[in-house]
Engineer: 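Before I ask anything, here is the structure I am working with.
Only heavy atoms go into these numbers, but all of them, side chains included; no hydrogens, no water, no symmetry mates.
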Amino acid sequence: MLLASSVISAAAPAPSAAPTQFNEATVAELQAQMAAGTLTSVQLTNFYIQRILDLDQGGPGVNSVIELNPDALAMAQKADAMRAKGQVLGPLHGIPVLLKDNIDTGDRMQTTAGSFALAGKPALHDSTIVAQLRAAGAVILGKTNLSEWANFRSFFSTSGWSGRGGLTHNPYSLDRNACGSSSGSAAAVAANFAALSVGTETDGSIVCPANVSSVVGIKPTVGLASRAGIVPISHTQDTPGPHARTVADAAALLNALVSRTPDKNDPATSGVPLGWQGTGRSRPALPADYTAFVDPNGLRGARVGVTRQGIDNAPPQVVAAFNNAVAAISGAGATVVDLDGAGFTFASADGEFLVLLYDFKLDVQKYFATRVGVPMASKTLADAIAFNSAHASSEMPYFFQEIFELAQALNTSGSDPGNNPQPLFGGLTYNRALAIDHDAGVNGIDAALSQFHLDAVVAPTDSPGWTTDLLLSDHFLFASSGLAGGPGYPIVQVPAANVLGMPMGISFLGTAFSEPTLIKLAAGFEAATHARFQPTFTGNITTANTAGTTLQPPAPPKKDTGKRPHRM
């Protein structure tokens, strides 16, 4: 784990000793203080740096931040100087933001996706979204740990672990998982190590970490925000997106990430998700400000369809938490439609894995071509596999690289996968797999919205965080992100419950570019429930009733003196 040498502290205090004065402060509140002159960006940046050193590096050791930006304080000083001259670039001006370590920054920080295969010389250029964050006046505070290669290396991976960054712990119970792959991004915001962070998702990697760390996560429509300069899995499904403690803050960060004009380095920013090309659908005009849709009464008069997505097989307290969330939606003025009870079945995106395998093999090679001075510069997936094998003690101490090897085995010859008529995996061609995922949107979320006249679909995001197991890998119970993953649709995950001390959330899902509606509904739920709670960095939150009885050793037998009582 790398840190800016100018801000390293040897102290490792207990959680109670870490600074707390800006905990839970919103972007709007921080901006108001800076505008009033009672807070500077330098002070705020130093606060987060010290809290990271106290609690992430020292103390309980959450391990969510993989690197601090050596230029962070200089960026904060620049933001303060501009403000003093009356130049404020927007709502994120002077606000520290953390970035997942698969997002290129053309500065002194690494971009490694958690792997030593990409460690060495930093990226040559900012990713598109980082350039936009700088233009918005944000302070790039550092990089967050992640599941290595965005959790696309092994079927038996442990979420939140990377060779370079080690294991990110859940700040609510350090023995439990922070989910992946954007584990550090969500855990850091939950722990008040930054106001905002940016994660990425292909299927679940923004919303699952948000679910287990009691933060808001927005997985945007694919193509709403550019992926240029981000270590890829798939150009068909990847997207960056916000982690924040409130819906309003997530919407403010989304404003800075959106590509309002097409990015020449990411064709998906020109229209609808790539799997939908040729359908006649076009990208709608994007709203000028996503925060305008944050409405505490956003559920009033809404109509939402509920699907349970496997939660009925979960423990009763988990089921009860979701039932209470649905009751809160109804209590806030929405009409709730039981989609499962109505017999509606969501089509499954069964083509997803083939699409991801094929895309990854080609897309990661294109990314390698953008890097210099790292082991994988201008190399291929085969070289990454060989690197892992040669450095197995650091890269593969717990799990291997079966997914890498499956992707490498695919025949990806030819420039257009659609012209490859041979079945590639599971009897599917690439184009047929894309079509299946497209149909999953048409016959899934879109069909539900149309048939039942809904504003959105609501589902449990995931279970509460499971106990991390580096031997037997992850223990997922259920998830709803797959409903939106294949078609490239948006999700807004919002905190919903406290289950025995662990967070759990719900997801609002909709059709392409329905972020305004989802933000409105999520804000209404947030206002009705106030379900987010702060972590306590407990070592093991489930130990209260596990101690058992207190055993006492038997007393030694008394020595026989031979004396007897007199006869009476």
Side-chain angles (χ1 to χ4, degrees), residues 15 24 60 62 64 158-160 168-180 182-183 186-187 189-192 204-217 243-247 306-332 336 340 458-469 474-481 491-509 522 525-547:
E24 302 299 289
V62 179
S64 64
T158 296
S159 292
T168 294
H169 304 282
N170 190 302
Y172 290 83
S173 187
L174 297 168
D175 63 325
R176 291 183 175 267
N177 202 266
C179 202
S182 305
S183 48
V189 167
N192 283 280
S205 285
I206 289 174
V207 297
C208 181
N211 169 81
V212 301
S213 285
S214 196
V215 297
V216 175
H243 279 139
R245 289 183 293 273
T246 67
V247 175
V306 173
T307 182
R308 307 182 76 84
Q309 285 302 301
I311 194 175
D312 286 331
N313 294 321
Q317 61 267 36
V318 175
V319 176
F322 183 66
N323 290 342
N324 290 339
V326 173
I329 291 172
S330 178
V336 173
D340 303 327
V458 176
T461 306
D462 290 279
S463 67
W466 56 92
T467 305
T468 296
D469 190 338
D474 288 333
H475 307 305
F476 290 100
L477 293 183
F478 56 85
S480 59
S481 61
I491 308 172
V492 178
Q493 129 72 36
V494 62
N498 177 335
V499 180
L500 301 180
M502 294 301 298
M504 179 177 152
I506 63 169
S507 285
F508 292 89
L509 307 95
F525 181 82
E526 177 183 69
T529 60
H530 298 288
R532 167 166 166 79
F533 60 105
Q534 290 192 57
T536 58
F537 310 99
T538 303
N540 182 335
I541 207 162
T542 61
T543 58
N545 297 297
T546 61

Engineer: Grab the two heavy atoms, one from V319 and one from A314, that are nearest each other, plus how far apart they are.
Structural biologist: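 The answer is CG2-O, 3.7 Å.
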Engineer: If the test is side-chain contact (heavy atoms from CB on, under 4.5 Å), which one of V247, V207, V189 qualifies with V216?
Structural biologist: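 That would be V247; it is the only one of V247, V207, V189 passing the side-chain contact (heavy atoms from CB on, under 4.5 Å) with V216.
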Engineer: State, to 0.1 Å, how close D474 and S159 come at their nearest heavy-atom pair, and which atoms those are.
Structural biologist: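 Taking D474 first and S159 second, the nearest heavy atoms are OD2-OG, 2.6 Å.
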Engineer: Could you check V306 against F322 for side-chain contact (heavy atoms from CB on, under 4.5 Å), going step by step and ending with a plain yes or no?
Structural biologist: CA-CA 10 Å; V306 173; F322 183 66; 3.8 Å; yes
Engineer: Any side-chain heavy atom of T468 within less than 4.5 Å of one from T158?
Structural biologist: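 The answer is yes; the side chains approach within 4.5 Å.
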Engineer: What's the separation between atom CZ in R245 and atom CG in N192, rounded to the nearest 0.5 Å?
Structural biologist: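 Here the interatomic distance stands at 4.0 Å.
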Engineer: By ring-ring contact (aromatic ring centres under 6.0 Å, His included), which residues pair with F525, not counting sequence neighbours?
Structural biologist: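 Here no residue qualifies.
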Engineer: If every non-hydrogen atom of V318 is compared with every non-hydrogen atom of P464, which pair is closest and at what distance?
Structural biologist: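 Taking V318 first and P464 second, the nearest heavy atoms are CG2-CD, 3.9 Å.
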Engineer: Measure the spacing between OG of S183 and CG of N170 and express it to the nearest 0.5 Å.
Structural biologist: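 Atom-to-atom, S183:OG and N170:CG are 10.0 Å apart.
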Engineer: List the steps, then state whether side-chain contact (heavy atoms from CB on, under 4.5 Å) holds for T307 with S480.
Structural biologist: CA-CA 9 Å; T307 182; S480 59; over 6 Å; no
Engineer: Could you tell me the separation between the OG1 atom of T246 and the CD atom of E24, rounded to the nearest 0.5 Å?
Structural biologist: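 The OG1 atom of T246 sits 9.5 Å away from the CD atom of E24.
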Engineer: If you round to the nearest 0.5 Å, how far is CD1 of I311 from CG of D462?
Structural biologist: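 Taking CG in D462 and CD1 in I311, the distance rounds to 10.0 Å.
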Engineer: Output side-chain donor-acceptor pairs under 3.5 Å for residues 496-509, partner residues at least two apart or in another chain, one line each.
Structural biologist:
unit_1 : atom_1 : unit_2 : atom_2 : d
N498   : OD1    : G501   : N      : 2.7
S507   : OG     : T461   : OG1    : 2.8

Engineer: Any chance you could measure N540, atom CG, to T467, atom OG1, to the nearest 0.5 Å?
Structural biologist: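 Reported to 0.5 Å precision, the distance equals 7.0 Å.
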Engineer: Please enumerate all residues that pass salt bridge (Lys or Arg N to Asp or Glu O under 4.0 Å) together with R308, with sequence neighbours excluded.
Structural biologist: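 Scan of R308 (salt bridge (Lys or Arg N to Asp or Glu O under 4.0 Å), adjacent residues dropped) gives D312.
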Engineer: Looking only at heavy atoms, which two atoms of C179 and F476 are closest? And how far apart?
Structural biologist: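 Heavy-atom minimum between the residues: SG-CE2, 3.8 Å.
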Engineer: Closest approach of T543 and T546, non-hydrogen atoms and distance?
Structural biologist: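 Heavy atoms only, the tightest pair is O-OG1, 2.9 Å.
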Engineer: Please name all residues satisfying side-chain hydrogen bond (donor to acceptor under 3.5 Å, both in side chains) with S205, sequence neighbours left out, ordered by chain then number.
Structural biologist: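 Counting only residues at least two positions away or on another chain, S205 forms a side-chain hydrogen bond (donor to acceptor under 3.5 Å, both in side chains) with S181.
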Engineer: State, with a plain yes or no, whether a side-chain heavy atom of L174 is found less than 4.5 Å away from one of V62.
Structural biologist: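 SC-SC contact between L174 and V62 confirmed.
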Engineer: I'd like to check Q493 versus I206 (side-chain heavy atoms, cut-off strictly below 4.5 Å). Are they in contact?
Structural biologist: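 The answer is no, as the side chains (C-beta and beyond) never meet within the 4.5 Å cut-off.
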Engineer: Which residues satisfy the side-chain hydrogen bond (donor to acceptor under 3.5 Å, both in side chains) test with T538, sequence neighbours excluded?
Structural biologist: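 Expected list: T536.
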Engineer: Is the side chain of Y172 donor-acceptor paired with the backbone N or O of A190 at a distance under 3.5 Å, no angle test?
Structural biologist: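 Not at all, since once roles are kept as given, no pair shorter than 3.5 Å links the two residues.
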Engineer: Using the side-chain contact (heavy atoms from CB on, under 4.5 Å) criterion, which residues pair with A186? Sequence neighbours excluded.
Structural biologist: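 Scan of A186 (side-chain contact (heavy atoms from CB on, under 4.5 Å), adjacent residues dropped) gives P209, S213, V215, H243.
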Engineer: Looking at A187 and H169, what are the two nearest heavy atoms and their distance?
Structural biologist: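 Smallest heavy-atom distance, with atoms named: CB-O, 4.2 Å.
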